[in-house]
Amino acid sequence: METNTRLFTFKGGRDKPELGGHTNQVYSIAVSSDGRLLASGGMDNKIRIWDAQNNKLLDTFSGHKDFITVSH
């Protein structure tokens, strides 16, 4: 965020849904305090948990009635 430089792109999404990425825009991201886990949520109504060190999808939470955004 500080450098405005892309460090990594998780594979998947609309182009490769079998890899488990989001299928629409991502509206929120949170990183665990130790930097090991990343949570993402977006317009596909899903929260996905990623292993940030190995760049792999760990789990998906679905069932939300609307897209996932950051609440302040």
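Please read these numbers as outputs of a predicted model, since none were measured by experiment.
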Determine whether S40 and R48 satisfy the following criterion, side-chain hydrogen bond (donor to acceptor under 3.5 Å, both in side chains), listing intermediate values before the conclusion.
CA-CA 5 Å; S40 58; R48 299 188 188 276; 5.9 Å; no
Show your working on side-chain contact (heavy atoms from CB on, under 4.5 Å) between L37 and L58 and close with a plain yes or no.
CA-CA 9 Å; L37 299 175; L58 298 176; 3.6 Å; yes
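Across A52 and G35, no two heavy atoms sit closer than the pair CB-O, 3.6 Å. Smallest separation of non-hydrogen atoms from L57 and D59: CD1-O, 3.6 Å.
Separation of atoms CH2 (W50) and CD1 (I29) is listed at 10.0 Å; rounding is to 0.5 Å. With rounding to the nearest 0.5 angstrom, the OG atom of S32 is 8.0 Å from the CG atom of L38. The CD atom of Q53 lies 9.5 Å from the CG atom of N55; values are rounded to the nearest 0.5 Å.
Judged by distance alone, with hydrogens and angles left aside, the side-chain atoms of D44 form a donor-acceptor pair with the main-chain N or O of K46 at under 3.5 Å.
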